[in-house]
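Remember, it's a predicted structure, so these values are computed and weren't measured experimentally. Chain identifiers are assigned alphabetically (A, B, ...) following the order of the sequence lines, protein sequences preceding nucleic acid strands; residue numbering begins at 1 within each chain.
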2 protein chains.
Amino acid sequence: MDKKEIQEQRMRMYFINATKELLKGEGLKSISVRNIAERAGYSFGTLYNYFDDVKELIFICVEDFQDECREFIEERTKTQSQGKDKLRSIVKYYMYYFVQYPGIFELFFLERANDVGNKKPTFEMIYSFLDKLCRDEWKYLVEQGSLSKQQARLKAEITKNMVVGMLIFYLNRHNPQSFDEFSQRTEALLDEILNF
Amino acid sequence: MDKKEIQEQRMRMYFINATKELLKGEGLKSISVRNIAERAGYSFGTLYNYFDDVKELIFICVEDFQDECREFIEERTKTQSQGKDKLRSIVKYYMYYFVQYPGIFELFFLERANDVGNKKPTFEMIYSFLDKLCRDEWKYLVEQGSLSKQQARLKAEITKNMVVGMLIFYLNRHNPQSFDEFSQRTEALLDEILNF
DNA sequence: TGCATAATTGAACAATGTTAATTACTTTTG
DNA sequence: CAAAAGTAATTAACATTGTTCAATTATGCA
């Protein structure tokens, strides 16, 4: 019964990829069962043979996008040596990734946690995502004696929350209006937080 | 034609109040044209004689809720004398207001700015709302010489964005899980920002 | 090839927002 | 006062959403 599993996994992939494409392109608004199925080349009914509901499908995409985001940042920061600058860059490119794909931002941060179930771990992953990305840098700064462990924790938490707020205002409300301005504010606020 | 206007305004009020009640109670999810109209005591079609669409109705509520929020904070902070403590309290109760009414938070910060139109000023109002609430306190601290004007601006901006991020994670993702913990994190992060 | 099992489909249902045609009511006018 | 005109309220209808399920189609095996 190995063939069954392979085929089933392949079918799931068709739908998952279609969903990912839609999320990257048009965003959450464009997501509908009929839309996804059409792009996958099947009827909307077929989707329900492989997924419980459309939410399951959507949340499967989160992990993939996290990997992609991690790579996006890695590519742009790997040459930098540990320290404040690298930390700043990681946070900056974390934000830029979501600016590039507002649909993924919606998915990560704005989708409601209505019925928890198996999605709780997914939310935990999202919540701690930036922490994981920055962990080594904060650790390095503490070991260097630049700031206390406690202060590092606080600043990491401030950053994590601030970043989401900034993205909401920029992506959802066009505030600031231009990317240049957004970029500039990002630098300024990160400088203030890392001013020690 | 004065009577007309009075009657029309009264009709609009019925729908607006019904919408406000629903938003405070069940939140954005429960908002539907048929729901609002039923609560207002009219048919869903009647709503369209007084409002272009349901979005217009919803965004009319923003101003009312802002006034209410302002009063909520005022009541709880008016005895405090100007300074850091009062500033902390204002931000804290600003957050607590939205914790009390998650539906209003959704309305203020998560509703998309799809078709701008007359809603642009509304979004501007929301964006600068906390700034206005805190303006006097920041000003006082600058005049006292506690920090520079530039620093005050940066810290105010960090706070504004952080607050939205914290509320997203707490209200939408149950992170942290309890209000006590949320409250504690709020205090800690505000202390760190106001640590000068 | 023929049968049994599995996979795929689309009709159907309940909600949703919105529009437009219809009905009810009010006011003005002859 | 009654008929006409105009305004307001209602409901039927349409498109779109997620989801279910009976019926159809395809597949695999003997």
Side-chain angles (χ1 to χ4, degrees), chain A residues 1-19 22-23 25-61 103 106-107 110-115 117-119, chain B residues 1-19 22-23 25-61 103 106-107 110-115 117-119:
Chain A
M1 301 302 116
D2 209 58
K3 273 187 272 178
K4 278 280 154 56
E5 271 181 44
I6 291 173
Q7 286 172 11
E8 191 169 319
Q9 194 49 39
R10 210 168 359 229
M11 284 298 290
R12 286 172 66 88
M13 266 307 160
Y14 296 150
F15 287 105
I16 291 169
N17 287 334
T19 310
L22 282 170
L23 281 169
E26 308 294 323
L28 262 181
K29 299 165 298 307
S30 74
I31 292 288
S32 80
V33 179
R34 287 164 176 81
N35 241 339
I36 294 169
E38 188 187 20
R39 186 171 281 250
Y42 288 92
S43 162
F44 57 86
T46 311
L47 192 148
Y48 287 91
N49 294 331
Y50 298 96
F51 303 92
D52 288 342
D53 51 41
V54 75
K55 280 178 197 166
E56 186 193 339
L57 190 44
I58 286 171
F59 277 87
I60 285 171
C61 301
E106 275 182 87
L107 173 61
L110 307 185
E111 190 66 359
R112 267 319 250 312
N114 288 329
D115 16 34
N118 60 349
K119 291 195 278 296
Chain B
M1 302 305 117
D2 210 60
K3 273 186 274 180
K4 279 281 153 56
E5 270 180 46
I6 290 174
Q7 288 173 11
E8 191 170 318
Q9 194 49 39
R10 204 160 14 222
M11 284 297 290
R12 286 173 65 90
M13 266 306 160
Y14 297 150
F15 288 105
I16 291 169
N17 287 334
T19 309
L22 283 171
L23 281 170
E26 308 293 324
L28 262 182
K29 297 165 301 304
S30 73
I31 292 288
S32 80
V33 178
R34 287 165 174 82
N35 239 340
I36 294 169
E38 187 186 22
R39 187 172 281 250
Y42 289 92
S43 163
F44 58 87
T46 311
L47 192 148
Y48 289 91
N49 296 330
Y50 297 95
F51 304 92
D52 288 344
D53 51 41
V54 76
K55 279 179 198 166
E56 186 192 341
L57 189 44
I58 286 172
F59 278 86
I60 286 171
C61 301
E106 276 182 86
L107 174 60
L110 307 187
E111 191 66 359
R112 268 317 256 307
N114 288 329
D115 17 34
N118 60 347
K119 290 193 278 295

Between protein and nucleotides 12-29 of chain D, map the contacts as a letter string: B base, S sugar-phosphate only, - none, heavy atoms under 4.0 Å, written 5' to 3'. BB---SBBB---------
What are the two closest heavy atoms between A:Ser30 and A:Gly27, and how far apart are they? OG-O, 2.9 Å
So A:Tyr50, base contact, sugar-phosphate only, or nothing? Heavy-atom distance under 4.0 Å. sugar-phosphate
To the nearest 0.5 Å, how far apart are OG1 in A:Thr19 and CD1 in A:Ile58? 7.0 Å
Rounded (10°) bend between the five-pair end axes of the helix from C:dT1-D:dA30 to C:dG30-D:dC1: 30°
Whole-Å distance, B:Glu56 CD to C:dT18 P, equals 11 Å
How long is the line joining CD1 of B:Ile58 and C1' of C:dG17, in whole Å? 11 Å
Separation of C:dT8 atom P from A:Phe51 atom CZ, nearest Å, is 12 Å
At less than 4.0 Å, is any side-chain N or O atom of A:Ser43 found next to OP1 or OP2 of C:dT8? Yes or no. no
Return the minimal non-hydrogen interatomic distance between A:Cys61 and A:Leu107, and the atom names on each side. CB-CD2, 4.3 Å
Acceptor/donor pairs from residues 44-52 of chain B side chains to any protein atom, 3.5 angstrom cut, sequence neighbours excluded:
unit_1	atom_1	unit_2	atom_2	d
B:Thr46	OG1	B:Ser43	O	3.4

Roughly how far, to the nearest 0.5 Å, is the CD1 atom of A:Ile31 from the CG atom of A:Leu57? 7.5 Å
B:Thr46 side chain near D:dT10 phosphate (N/O to OP1/OP2, under 4.0 Å): yes
Whole-Å distance, A:Ile6 CD1 to C:dA6 P, equals 18 Å
If you look at every heavy atom in A:Ala18 and A:Ile36, which pair is closest and at what distance? CB-O, 3.6 Å
Check side chain to side chain contact (heavy atoms under 4.5 Å, CB included) between B:Gln9 and all other residues, then give those that pass, not counting sequence neighbours. B:Arg12, B:Met13
Please name all residues satisfying side chain to side chain contact (heavy atoms under 4.5 Å, CB included) with A:Ser32, sequence neighbours left out, ordered by chain then number. A:Arg34, A:Asn35
So which heavy atom on B:Ala40 is nearest to which on B:Phe15, and how close? CB-CD2, 3.8 Å
OH of B:Tyr42 versus C1' of C:dT23: gap in Å, rounded? 17 Å
